[in-house]
Amino acid sequence: AQSVTQLDSQVPVFEEAPVELRCNYSSSVSVYLFWYVQYPNQGLQLLLKYLSGSTLVKGINGFEAEFNKSQTSFHLRKPSVHISDTAEYFCAVSDAGGTSYGKLTFGQGTILTVHP
Amino acid sequence: DGGITQSPKYLFRKEGQNVTLSCEQNLNHDAMYWYRQDPGQGLRLIYYSQIVNDFQKGDIAEGYSVSREKKESFPLTVTSAQKNPTAFYLCASSITGDPEAFFGQGTRLTVV
């Protein structure tokens with residue numbers, strides 16, 4: 001079984017400030033890691049994913065995340081946020097050895113609010 | 001354009017009625033999924049299907065049913081046995097062997 005914990009339910013930040021959204025996971029097997037973004041009343045859009053290789057992953061909209069296997073973390077960062085980054089962000093994992101990779105386990109979500 | 005279409009976007013039903021949510025994809029993906037989203041709980045897997053005419057229960061299947069008669073379609077029925085059906089429902093699909101899942105725009109179901 002896998003579990004994902006997003007350590008902050010809400011993160012307020014001022015425009016152009018840096019931000020970090022924290023995600024820890026628990027799994028007995030190797031995992032793939034994902035960050036998704038959701039705007040109000042919309043579906044989920046993939047920001048970035050870690051499958052293998054370099055532990056620093058770059059995604060869309062200037063976001064990046066670092067996979068830390070020893071700390072079982074996959075924190076999301078952006079050096080300078082914009083008002084348009086206001087949304088809910090979800091961390092998710094899937095079993096890397098499984099046959100159904102879209103079978104995801106999600107964290108509870110972090111609402112990022114960017115203030116002018 | 002390829003994608004996943006969920007309809008309707010908003011759905012209202014009276015308590016005790018069954019309701020079916022539509023999910024259609026033209027991405028030629030083999031696998032399809034239904035997730036339920038509640039505030040502060042993230043998304044939870046209801047059912048998934050890796051191939052036509054086959055599907056498996058997810059973590060919260062009670063009170064729901066699905067069918068997969070065509071590759072493109074994976075409708076979800078919320079039955080009267082579901083004790084708290086009001087939620088946002090998201091359909092997703094993926095290619096077998098590819099870790100990335102693609103999501104539809106969701107259906108918000110309100111039961112009154």
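Naming convention: chains lettered A, B, ... in sequence-line order (proteins, then strands); numbering from 1 in each chain.
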Trainee: Where is the tightest heavy-atom contact between B:Gln37 and A:Phe90, given as atom of each residue plus distance?
Mentor: NE2-CZ, 3.2 Å

Trainee: Could you tell me which non-hydrogen atom of A:Leu44 sits nearest to which non-hydrogen atom of B:Phe103, and how far apart they are?
Mentor: O-CB, 3.6 Å

Trainee: Only pairs at least two apart or in different chains count here, so list each side chain to side chain donor-acceptor pair (under 3.5 Å) that has a residue in residues 14-25 of chain A.
Mentor: A:Asp8-A:Arg22, A:Glu20-A:Arg77

Trainee: For the residue pair A:Phe34 and B:Pro99, what are the closest heavy atoms and their distance?
Mentor: CZ-O, 3.4 Å

Trainee: Under the salt bridge (Lys or Arg N to Asp or Glu O under 4.0 Å) rule, collect the residues that match up with B:Lys9, sequence neighbours excluded.
Mentor: none

Trainee: Identify which of B:Gly40, B:Pro39, B:Gly106 forms the greatest number of heavy-atom pairs closer than 4.5 Å to chain A.
Mentor: B:Gly40

Trainee: Does any N or O in the side chain of B:Tyr33 come within less than 3.5 Å of the main-chain N or O of A:Leu104, such that one atom is a donor and the other an acceptor?
Mentor: no

Trainee: What parts of residues 52-70 of chain A touch chain B if we use heavy atoms and a cut-off under 4.5 Å?
Mentor: none

Trainee: Is there a continuous path of hydrophobic side-chain contacts, each under 4.5 Å between heavy atoms, that joins B:Met32 to B:Ile95?
Mentor: no

Trainee: Any link between A:Val93 and A:Tyr89 through a network of hydrophobic side chains (Ile, Leu, Val, Met, Phe, Trp, Tyr) touching at under 4.5 Å?
Mentor: yes

Trainee: Check B:Ala101 against A:Tyr36 and note the closest heavy-atom contact, atom names and distance.
Mentor: O-OH, 3.1 Å

Trainee: Select one option (side chain, backbone, both, neither) describing which atoms of A:Leu46 are under 4.5 Å from chain B's heavy atoms.
Mentor: side chain

Trainee: Does A:Val4 share a hydrophobic cluster with A:Val29, counting links as ILVMFWY side-chain heavy atoms below 4.5 Å and allowing steps through other members?
Mentor: no

Trainee: Do you know which of B:Arg44, B:Arg108, B:Gln56 has the most heavy-atom pairs under 4.5 Å to chain A?
Mentor: B:Arg108

Trainee: Checking heavy atoms, do the side chain of B:Gln105, its backbone, both or neither come under 4.5 Å from chain A?
Mentor: both

Trainee: Does any backbone or side-chain atom of A:Gln38 lie under 4.5 Å from a heavy atom of chain B? Answer side chain, backbone, both or neither.
Mentor: side chain

Trainee: State yes or no: do A:Val114 and A:Leu47 share one hydrophobic cluster built from I, L, V, M, F, W and Y residues joined by side-chain heavy-atom distances below 4.5 Å, directly or via other members?
Mentor: yes

Trainee: Let me know if B:Phe102 has heavy atoms under 4.5 Å from chain A in its side chain, its backbone, both or neither.
Mentor: neither

Trainee: Tell me, which pairs form a side chain to side chain donor-acceptor pair (under 3.5 Å) where one or both residues lie in residues 105-116 of chain A, sequence neighbours left out?
Mentor: A:Gln6-A:Thr110

Trainee: If you group Ile, Leu, Val, Met, Phe, Trp and Tyr by side-chain heavy-atom gaps below 4.5 Å, do A:Ile111 and A:Val37 land in one group?
Mentor: no

Trainee: Would you find more than 12 non-hydrogen atoms of other residues, nucleotides or ligands less than 6.0 Å from B:Leu27 atom CG?
Mentor: yes

Trainee: At a 4.5 Å cut-off on heavy atoms, which part of B:Leu45 comes close to chain A: side chain, backbone, both, or neither?
Mentor: side chain

